[in-house]
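Treat the numbers as computed from the prediction; the structure is a model and nothing was measured. Numbered from 1 within each chain, the chains take letters A, B, ... in sequence-line order.
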Amino acid sequence: MKILVPIKRVVDYNVKVRPKADESGVDLNNVKMAINPFCEIAVEEAVRLKEGGTATEIIAVTVGSSASQEQLRTALALGADRAILVETDIEVEPLAIAKLLKGVVEKESPDLVILGKQAIDGDNNQTSQMLAALTGYAQATFASELKIEGEKALVTREVDGGLQTISVNLPCIVSTDLRLNEPRYASLPNIMKAKQKPLDVIEAVSLGVDIEPRNKTLKVSPPPVREAGIIVETVDDLVDKLKNEAKVIT
Amino acid sequence: MSILVIAEHDNEEIKASTNNVVTAATNLEGDIHVLVAGSNCSGAKDQAAKISGVAKVLVADSPEYEHCLAENIADLIVAISADYSHILSPATTNGKNYMPRVSALLDVAQISDITAIESSDTFERPIYAGNCIATVQNSDTKKVITVRTTAFDAAQNDGSAEVVDLQESHNLGISEFIKEEIAESDRPELTSADVIISGGRGMQNGDNFKILESVADKLGAAIGASRAAVDSGFVPNDYQVGQTGKIVAPNLYIAVGISGAIQHLAGMKDSKVIVAINKDEDAPIFQVADYGLVADLFTAVPELDAKL
Ligand SMILES: Cc1cc2nc3c(=O)[nH]c(=O)nc-3n(C[C@H](O)[C@H](O)[C@H](O)COP(=O)(O)OP(=O)(O)OC[C@H]3O[C@@H](n4cnc5c(N)ncnc54)[C@H](O)[C@@H]3O)c2cc1C
Ligand SMILES: Nc1ncnc2c1ncn2[C@@H]1O[C@H](COP(=O)(O)O)[C@@H](O)[C@H]1O
């Protein structure tokens with residue numbers, strides 16, 4: 001089976017980003033970039049399916065500028081076999097990304113597409129569901145367990161009330177939640193090997209879909225700041241403050 | 001044109017998040033209709049009809065909607081979408097699952113997790129774990145929106161809407177519900193609780209959460225957790241508060257043995273009053289706490305329990 005893993009280059013999760021002073025956008029000057037953590041989980045899951053003998057080929061794909069080749073190389077170092085960059089310099093929205101990914105799905109005909117549930121920059125949580133809608137494939141989002149059983153995938157999903165298990169026909173679209181696996185680190189030899197693996201670049205325009213943004217960001221502002229609080233010395237003080245100052249307990 | 005709100009429910013009851021979304025919808029122009037899609041969902045239907053501000057309740061009561069499979073619900077919503085300028089759902093795991101599917105089928109963008117409505121096409125939403133608030137203007141003819149429920153008060157329940165039964169059947173047949181493990185609890189739901197006490201890695205194991213339970217019993221609180229506590233298996237996944245878990249904003253949030261990573265703060269920093277109990281005085285959680293107590297939780301929490 002062939003697995004396609006769409007990944008995204010995002011600001012590293014440890015960075016606390018801020019709006020630009022003029023509120024025209026997010027200040028991304030000199031911040032550390034990384035592969036989106038949920039995408040790392042997606043790559044890891046694909047690699048485990050290959051190691052377990054279920055998958056035969058893993059293709060990592062990203063939509064973005066040429067800088068995203070760095071994250072594709074990371075995916076290759078983690079175990080993807082080859083990579084595709086769908087190159088564009090405009091900031092593409094989930095709907096457009098899903099349309100471009102659909103183009104790649106049509107070329108590659110994967111049996112399984114594993115995405116992250118959410119990119120931690122825009123916090124959209126949309127692309128996998130949109131790709132499922134556009135391809136007509138079944139979707140299994142927020143996966144914490146994935147088993148391939150013949151022509152179906154059995155997926156346990158993290159939902160608000162607990163866990164839900166569904167069975168979906170292949171080919172299908174899966175999105176990863178945090179508990180699906182713990183991604184490995186790329187070893188130095190694998191990082192070296194990744195440099196030799198194939199990485200194709202295709203122009204986004206060549207896929208012939210409308211990728212014009214529908215949303216315009218009018219401004220990006222800082223969130224309301226919380227007033228600095230106080231340190232109480234004892235549990236008695238705490239209970240007193242909660243009762244008599246904050247009045248949140250009786 | 002009217003506004004369509006997709007109800008969150010368990011067939012028997014409407015979830016409070018539906019009421020929050022109805023309040024959000026009152027910031028837009030047009031009648032508010034609520035869709036209840038489920039199976040044997042007359043309980044939910046009756047409650048939906050009582051939500052203040054709702055003009056009409058549409059009911060699709062059929063086995064294929066029982067488990068809220070995204071494919072079936074999305075097709076249903078698309079089939080009835082023509083009359084609506086805005087389609088809104090709560091940003092629950094259900095809403096997050098079917099709404100992007102709806103928007104792709106309608107070829108419109110989705111605006112996720114909005115926290116304010118400026119006009120019929122302009123919305124505020126947090127990005128980067130809530131470290132920035134983006135104001136976005138959408139140019140599509142139909143707006144497909146998920147709503148951060150903590151940003152809007154819950155609508156009252158003193159209305160009486162007209163109820164219309166839909167004869168819509170949608171079953172793509174490519175996915176199938178197998179089973180569900182839903183935790184039964186007498187405690188309030190995390191996302192609508194007045195008081196929450198959450199534990200982190202500092203709790204050390206699942207057994208130790210008992211000391212939080214005892215406090216929660218006295219305060220009528222829900223229990224939450226950090227990702228570290230969930231990943232370590234102390235508590236189930238549905239306890240996770242944060243950027244990628246549940247977003248909460250209770251009157252009182254007590255963080256116990258939680259360091260206060262960006263991703264955790266993203267889920268709770270809009271709480272009215274925040275208390276942090278942590279033995280490390282440099283823990284970032286103290287930067288957002290109204291009341292911080294630098295102490296070992298294993299002595300502080302039982303003491304707190306005794307004094308309540
Ligand atoms: C993609 C991604 C998504 C994430 N999403 C979330 C999310 O939604 N929610 C979330 O919470 N995290 C999330 N995280 C994880 C987050 O980055 C932190 O790792 C996590 O919140 C840490 O949990 P913690 O505070 O319990 O653990 P730690 O950071 O290990 O903190 C434990 C704290 O307990 C204190 N402590 C220990 N023992 C005691 C004691 N006896 N008495 C008092 N205090 C004690 C310590 O001083 C310390 O401050 C995410 C991370 C990533 C990469
Ligand atoms: N530019 C992109 N290129 C490839 N995949 C992407 C891109 N953006 C998002 N994705 C995938 O979609 C997932 C969810 O992203 P989002 O819908 O933006 O929250 C990510 O974890 C990726 O797997």
(message) Looking at Arg179(A), is its backbone amide N or carbonyl O close enough to the side chain of Asp231(B) to form a donor-acceptor pair, meaning the two atoms are under 3.5 Å apart?
(response) no

(request) Let me know if Pro222(A) has heavy atoms under 4.5 Å from chain B in its side chain, its backbone, both or neither. (result) backbone

(request) Measure distances from Asp210(A) to the heavy atoms of chain B and classify the residue's part below 4.5 Å as side chain, backbone, both or neither. (result) neither

(request) For the residue pair Gln243(B) and Asp123(A), confirm or rule out a side-chain donor-acceptor distance under 3.5 Å. (result) yes

(message) So for Glu71(B), is it side chain, backbone, both, or neither that comes closer than 4.5 Å to the heavy atoms of chain A?
(response) side chain

(request) Count the heavy-atom pairs under 4.5 Å between each of Val136(B), Thr135(B), Leu219(B) and chain A, then report the option with the highest count. (result) Thr135(B)

(message) At a 4.5 Å cut-off on heavy atoms, which part of Thr122(B) comes close to chain A: side chain, backbone, both, or neither?
(response) side chain

(request) Please look at Lys307(B) and chain A and tell me whether the side chain, the backbone, both or neither of the residue comes under 4.5 angstrom of a heavy atom of that chain. (result) both

(message) Can you tell me which portion of Leu308(B) sits under 4.5 Å from chain A's heavy atoms? Options are side chain, backbone, both or neither.
(response) side chain

(message) So for Leu131(A), is it side chain, backbone, both, or neither that comes closer than 4.5 Å to the heavy atoms of chain B?
(response) neither

(request) Can you tell which part of Glu233(A) gets under 4.5 Å to a heavy atom of chain B, answering side chain, backbone, both or neither? (result) backbone

(request) Counting only heavy atoms closer than 4.5 Å, note whether Leu238(A) contacts chain B via side chain, backbone, both or neither. (result) side chain

(message) Between Phe286(B) and chain A, with a heavy-atom cut-off of 4.5 Å, which part of the residue counts as in contact: side chain, backbone, both or neither?
(response) side chain

(message) Less than 4.5 Å to any heavy atom of chain B: does that hold for the side chain of Thr234(A), its backbone, both, or neither?
(response) backbone

(message) At a 4.5 Å cut-off on heavy atoms, which part of Gln118(A) comes close to chain B: side chain, backbone, both, or neither?
(response) side chain

(message) When you measure from the side chain of Arg125(B) to the backbone of Gly122(A), do you find a donor-acceptor pair of N or O atoms at a distance under 3.5 Å?
(response) yes

(request) Name the region of Val15(A), side chain, backbone, both or neither, that has any atom closer than 4.5 Å to a heavy atom of chain B. (result) backbone

(message) Check whether Lys272(B) reaches the backbone of Val248(A) with its side chain - one donor and one acceptor, N or O, closer than 3.5 Å.
(response) no

(request) Look only at the side chain of Arg226(A) and the backbone of Ala289(B), and say whether a donor-acceptor pair between them is shorter than 3.5 Å. (result) no

(request) Could you tell me whether the side chain of Val159(A) reaches within less than 4.5 Å of the side chain of Asn94(B), counting heavy atoms only? (result) no

(message) Tell me which of these, Val108(B), Ile127(B), Asn131(B), has more heavy-atom pairs under 4.5 Å with chain A than the rest.
(response) Asn131(B)

(message) Could you tell me if the side chain of Val273(B) sits less than 4.5 Å from the side chain of Leu242(A), heavy atoms only?
(response) yes

(message) What part of Lys269(B) gets within 4.5 angstrom of chain A, counting heavy atoms only: side chain, backbone, both, or neither?
(response) both

(request) Using distance alone, with no hydrogens and no angle criterion, decide if Glu245(A) and Tyr291(B) have a side-chain donor and acceptor under 3.5 Å apart. (result) yes

(request) Hey, could you give me the NZ/CG distance between Lys96(B) and Asn125(A), rounded to the nearest 0.5 Å? (result) 6.0 Å

(request) Determine yes or no for a side-chain-to-main-chain donor-acceptor pair under 3.5 angstrom, with Asp160(A) supplying the side chain and Thr93(B) the backbone. (result) yes

(message) Heavy-atom cut-off 4.5 Å, strictly under: side chain, backbone, both or neither for Ala98(A) against chain B?
(response) neither

(request) Give a yes or no answer on whether the side chain of Glu176(B) reaches the backbone of Ile166(A) with a donor-acceptor pair at less than 3.5 Å. (result) no

(request) Name the region of Val17(A), side chain, backbone, both or neither, that has any atom closer than 4.5 Å to a heavy atom of chain B. (result) both

(request) Give a yes-or-no answer on whether the side chains of Ser175(B) and Gln139(A) include a donor-acceptor pair shorter than 3.5 Å. (result) no

(message) I'd like to check Ile262(B) versus Tyr13(A) (side-chain heavy atoms, cut-off strictly below 4.5 Å). Are they in contact?
(response) no

(message) Using modelled atom types and a 3.5 Å cut-off, is there a donor and acceptor pairing between side-chain atoms of Asn237(B) and backbone atoms of Gly162(A)?
(response) yes

(message) Can you tell me which portion of Ile133(B) sits under 4.5 Å from chain A's heavy atoms? Options are side chain, backbone, both or neither.
(response) both

(request) Tell me, for Gln240(B) versus chain A, whether the close heavy atoms (under 4.5 Å) come from the side chain, the backbone, both or neither. (result) side chain

(request) Taking the side chain as every heavy atom from C-beta outward, state whether Gln126(A) and Ser112(B) have any pair of such atoms under 4.5 Å apart. (result) yes

(message) Need one label for Ile274(B): side chain, backbone, both or neither, based on atoms under 4.5 Å from any heavy atom in chain A.
(response) both

(message) Does any backbone or side-chain atom of Glu158(A) lie under 4.5 Å from a heavy atom of chain B? Answer side chain, backbone, both or neither.
(response) both

(message) Does any backbone or side-chain atom of Asp270(B) lie under 4.5 Å from a heavy atom of chain A? Answer side chain, backbone, both or neither.
(response) backbone

(message) Report which part of Asp290(B) has an atom under 4.5 Å of a heavy atom belonging to chain A: side chain, backbone, both, or neither.
(response) both

(request) Take Leu28(A) and Tyr128(B), measure what side-chain contact (heavy atoms from CB on, under 4.5 Å) needs, and give me the verdict at the end. (result) CA-CA 11 Å; Leu28(A) 296 180; Tyr128(B) 289 92; 3.9 Å; yes

(message) Quick check on Val275(B) against chain A: is it the side chain, the backbone, both or neither that has a heavy atom closer than 4.5 Å?
(response) side chain

(message) Any heavy-atom pair between the side chains of Leu163(A) and Glu180(B) that's under 4.5 Å?
(response) no

(request) Would you mind checking which part of Gln263(B) comes under 4.5 Å of any heavy atom in chain A, side chain (CB onward), backbone (N, CA, C, O), both or neither? (result) side chain

(message) Would Ser103(B) and Met130(A) count as a side-chain contact (heavy atoms from CB on, under 4.5 Å) here? Give the steps.
(response) CA-CA 7 Å; Ser103(B) 51; Met130(A) 288 178 160; 3.2 Å; yes

(request) List the steps, then state whether salt bridge (charged side-chain N to carboxylate O under 4.0 Å, His left out) holds for Arg214(A) with Asp107(B). (result) CA-CA 10 Å; Arg214(A) 315 286 182 85; Asp107(B) 193 23; 3.2 Å; yes

